[in-house]
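Taking it in order: structure first as structure tokens, then the write-up.
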Amino acid sequence: MAVRGSRGGSSVGITSRSFFSYRIFVSAMFTLLFIATLSVILTTNPSTSNDSVIPTTGNAYVHRSFLALKSDPLKTRLDLIHRQANDHMVLVNAYAAYARKLKLEISRQLKLFEDLAKNFTDLQLKPNYRSSLFETEEALDEDVLRQFEKEVKDKIKVARLMIVEAKESYDNQIKIQKLKDTIFAVHELLLKAKKNGIVASFIAAKSIPKSLHCLAMRLVEERIAHPEKYKEAAPELEFEDPSLYHYAIFSNNVIAVSVVVNSVVKNAEEPWKHVFHVVTDKMYLSAMKVWFRMRPVGKGAHVEVKAVEDYTFLNSSYVPLLKQLEANKRRLYTENHAENATKDAGSMKYENSLSMLNHLLFYLPEMYPKLHRIVFLDDDIVVQKDLTGLWNIDMDGKVNGAVETCFGSFHRYAHYLNFSHPLIRERFNPKACAWAYGMNIFDLDAWRHEKSTEQYHYWQNLNEDQTLWKQGTLPPGLITFYMTTKSLDKSWHVLGLGYNPSISMDEINRAAVIHFNGNMKPWLDIAMNQYKHLWTKYVDSDMEFVQMCNFGL
């Protein structure tokens, strides 16, 4: 039984082993068949394309990778060389594109980059390399591959050297570009700050400070409170005496006019021979008169205070400026709504008076018909020496005596007048030297002979649309007194104390008149401290209203 059982079990075991051996055999055959099929597919070149560059993506890349597995190390080596060349070509093209984007001035480097990238492409297109390396099914020729590798490495070496050199150059260019951008941004901020500063300075200069407004109101209150003390006095004979020294001052600024008068009188050798003709707007007439009643000019000097409206010949039928301003006022009425027109008309009335006040100097012979000479003084000047020598200057038949302001190409006629206009271009020399208002000696007899006021009217009518010059009194003055201006020694009149901080004190001390022209007037908070004391020492600081109005002197 035992033997039978053993035989039976052995038979079953043999049968099982035979079955499993058969399954293994079948599986092995299928595996070999699959590998053989795959090998045939991969070794067969399905494309007969003449592409010069071996593709590096998709099925073609798998194709080349499996080629490398086929015991041909040269294929792998070729693949590595090809990839290395392509990588450097991409890098070279990237630098070239970046250089173009920055618009750098390195055209020679750009051309080298482009040539190098083209060389990488052309290298693969050489017939011997295409046939021996890229379009062959046979084993690669090692000598050809070695030559190809040498050429590729030479070009790679050149590319790396160029890239190292270019990278440093590009980094510097980037820094320069960033620096330029920063400078541009800072320049824009500077221009904006300057513009804001100019606007703020203009507002500060043209606005009426609280202290000046306070002083004018206090003086008017004094007139209202004590009318009996300020009755009109009869005109003095000295006001029309041509043998005396006459000055014209046109201003609404009470404290400034008082400084001008005080500085002239305190430095005059014979102050009783000096006569001051002060003309102001009607709004400030009472304040100006009360000031000179409360603080009369000492040493026998004479002061006449009048309003613009007192000169009745100054009307729109005679004065072109007033006619033009009235035309502007009518335009405001027609273009604006009623309430705005009323508001603008009120402000225009003040503007008319102020503008006329500035242009009064063109009517000096008619305002003072009995005088032969008169000195015009701005309200922002200070007199430091006796001015009687002005009346002794030989004017050579000229109308206006003034200090010239030109130096180099600056402050010549071309700076003030529009020489693109044919009338200006034909009549005037653009290189003619300009001169300054502020301290001028006018020969009124020569003025009448030259008919200078008629000349002013002629040009002012032509400039109604402001095509000959912009606003201001200096351009029409340059035109009116062209060829009739006598140049005075510069020591008579030093300008710039209202804007130029670098004027030497020696020059200031030698000057007969110093002029605070510019926005930084000495009565404003924005005045330059190094010059302000030259003005404040002539301020009547003992006057009670000056103390009450906190001038901060």
Side-chain angles (χ1 to χ4, degrees), residues 200-233 247 249-267 271 276-299 301-308 346-347 350 353-354 357 377-383 497-498 514 516 518-553:
S201 178
F202 180 80
I203 293 173
K206 299 305 178 183
S207 300
I208 300 176
K210 183 179 179 180
S211 54
L212 288 181
H213 181 73
C214 168
L215 178 62
M217 292 302 100
R218 293 284 184 181
L219 292 169
V220 172
E221 287 176 1
E222 171 69 15
R223 172 67 180 263
I224 295 173
H226 307 285
E228 69 284 354
K229 294 170 58 176
Y230 304 103
K231 292 181 179 180
E232 292 294 330
Y247 303 88
I249 308 171
F250 307 142
S251 175
N252 290 330
N253 190 328
V254 178
I255 195 76
V257 171
S258 71
V259 167
V260 174
V261 173
N262 287 343
S263 65
V264 173
V265 172
K266 287 184 178 181
N267 290 287
F276 300 90
H277 301 273
V278 179
V279 181
T280 186
D281 174 42
K282 193 173 184 179
M283 182 187 301
Y284 294 91
L285 181 63
S286 296
M288 199 76 73
K289 284 187 174 182
V290 171
W291 173 277
F292 285 107
R293 286 287 187 90
M294 292 183 69
R295 313 298 291 182
V297 180
K299 301 183 179 181
H302 311 274
V303 178
E304 177 191 39
V305 179
K306 299 184 77 173
V308 177
S347 62
Y350 174 73
S353 170
L354 184 62
L357 197 64
L377 298 176
D378 260 343
D379 63 357
D380 55 352
I381 63 102
V382 170
V383 177
L497 278 72
I514 54 175
F516 290 83
N519 287 335
M520 300 179 184
K521 301 300 184 187
W523 54 83
L524 299 175
D525 293 335
I526 61 174
M528 286 186 277
N529 292 328
Q530 66 265 42
Y531 304 139
K532 191 169 183 178
H533 70 280
L534 300 170
W535 183 82
T536 55
K537 69 180 181 180
Y538 292 105
V539 175
D540 188 354
S541 55
D542 294 331
M543 203 274 187
E544 57 181 307
F545 294 156
V546 172
Q547 297 176 357
M548 293 172 63
C549 291
N550 300 318
F551 269 86
L553 303 174

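The chain is numbered in sequence order, starting from 1. Source: prediction; values computed, not measured. Computation of the quantities below employed the complete heavy-atom set of this structure, encompassing side-chain atoms and omitting hydrogens, waters and symmetry-equivalent molecules.
- Among F292, Y284, F250, the one residue that satisfies the side-chain contact (heavy atoms from CB on, under 4.5 Å) test with V257 is F292.
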For this session: Apply side chain to side chain contact (heavy atoms under 4.5 Å, CB included) to D380 and W523, showing your working.
Result: CA-CA 9 Å; D380 55 352; W523 54 83; 3.9 Å; yes
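- Taking both residues in full, the closest heavy atoms of V260 and D378 are given as CG2-O, 3.6 Å, listed atom of the first, atom of the second, then distance.
- Using a 4.5 Å heavy-atom cutoff, the side chains of L524 and P209 are in contact.
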For this session: Could you give me the CA-CA distance, side-chain angles and deciding distance for R218 and E544, then say whether salt bridge (Lys or Arg N to Asp or Glu O under 4.0 Å) is met?
Result: CA-CA 10 Å; R218 293 284 184 181; E544 57 181 307; over 6 Å; no
For this session: Could you walk me through whether L212 and V254 pass side chain to side chain contact (heavy atoms under 4.5 Å, CB included), step by step?
Result: CA-CA 8 Å; L212 288 181; V254 178; over 6 Å; no
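- We find the CG-NZ distance between N262 and K299 to be 10.0 Å, quoted to the nearest 0.5 Å.
- Side-chain atoms of T280 come within 3.5 Å of backbone atoms of S251 as a donor-acceptor pair (strictly under, hydrogens ignored).
- Checked by atom type and distance alone, the side chain of D281 never pairs as donor or acceptor with a backbone atom of N252 at under 3.5 Å.
- The distance from the CE atom of M520 to the NZ atom of K532 is 12.5 Å, given to the nearest 0.5 Å.
- Side-chain contact check for V290 versus V220: every heavy-atom pair is 4.5 Å or farther apart.
- When side chains are defined from C-beta on, D379 counts as touching N253, because their heavy atoms get closer than 4.5 Å.
- Here the CD-NZ distance, from E304 to K289, works out to 9.5 Å after rounding to the nearest 0.5 Å.
- Nearest heavy atom pair, residue Y538 against residue V382, reads CE1-CG1, 3.4 Å.
- Closest heavy-atom contact between A527 and P522: CB-CA, 3.7 Å.
- Residues C549 and L215 approach most closely at SG-N, 3.3 Å, considering heavy atoms.
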Problem set entry | Test side chain to side chain contact (heavy atoms under 4.5 Å, CB included) applied to M294 and L219, step by step | CA-CA 9 Å; M294 292 183 69; L219 292 169; 4.2 Å; yes
For this session: Applying side chain to side chain contact (heavy atoms under 4.5 Å, CB included), run through W535 and I514 and close with a yes or a no.
Result: CA-CA 9 Å; W535 183 82; I514 54 175; over 6 Å; no
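- Atoms CE and CG, from M528 and L534 in turn, are 11.0 Å apart once rounded to the nearest 0.5 Å.
- With contacts defined as side-chain heavy-atom distances shorter than 4.5 Å, the pair F545/I255 does not qualify.
- Between S286 and R223, the shortest heavy-atom contact is OG-NH1, 4.2 Å.
- Of the N and O atoms on the side chains of S211 and N550, not one donor lies less than 3.5 Å from an acceptor on the other residue.
- Taking 4.5 Å as the limit, some side-chain heavy atom of R295 sits within range of a side-chain heavy atom of D542.
- Formation of a donor-acceptor pair under 3.5 Å by the K306 side chain with backbone atoms of H277 is not found in this model.
- A distance of 10.5 Å separates CD of E221 from NE2 of H226, quoted to the nearest 0.5 Å.
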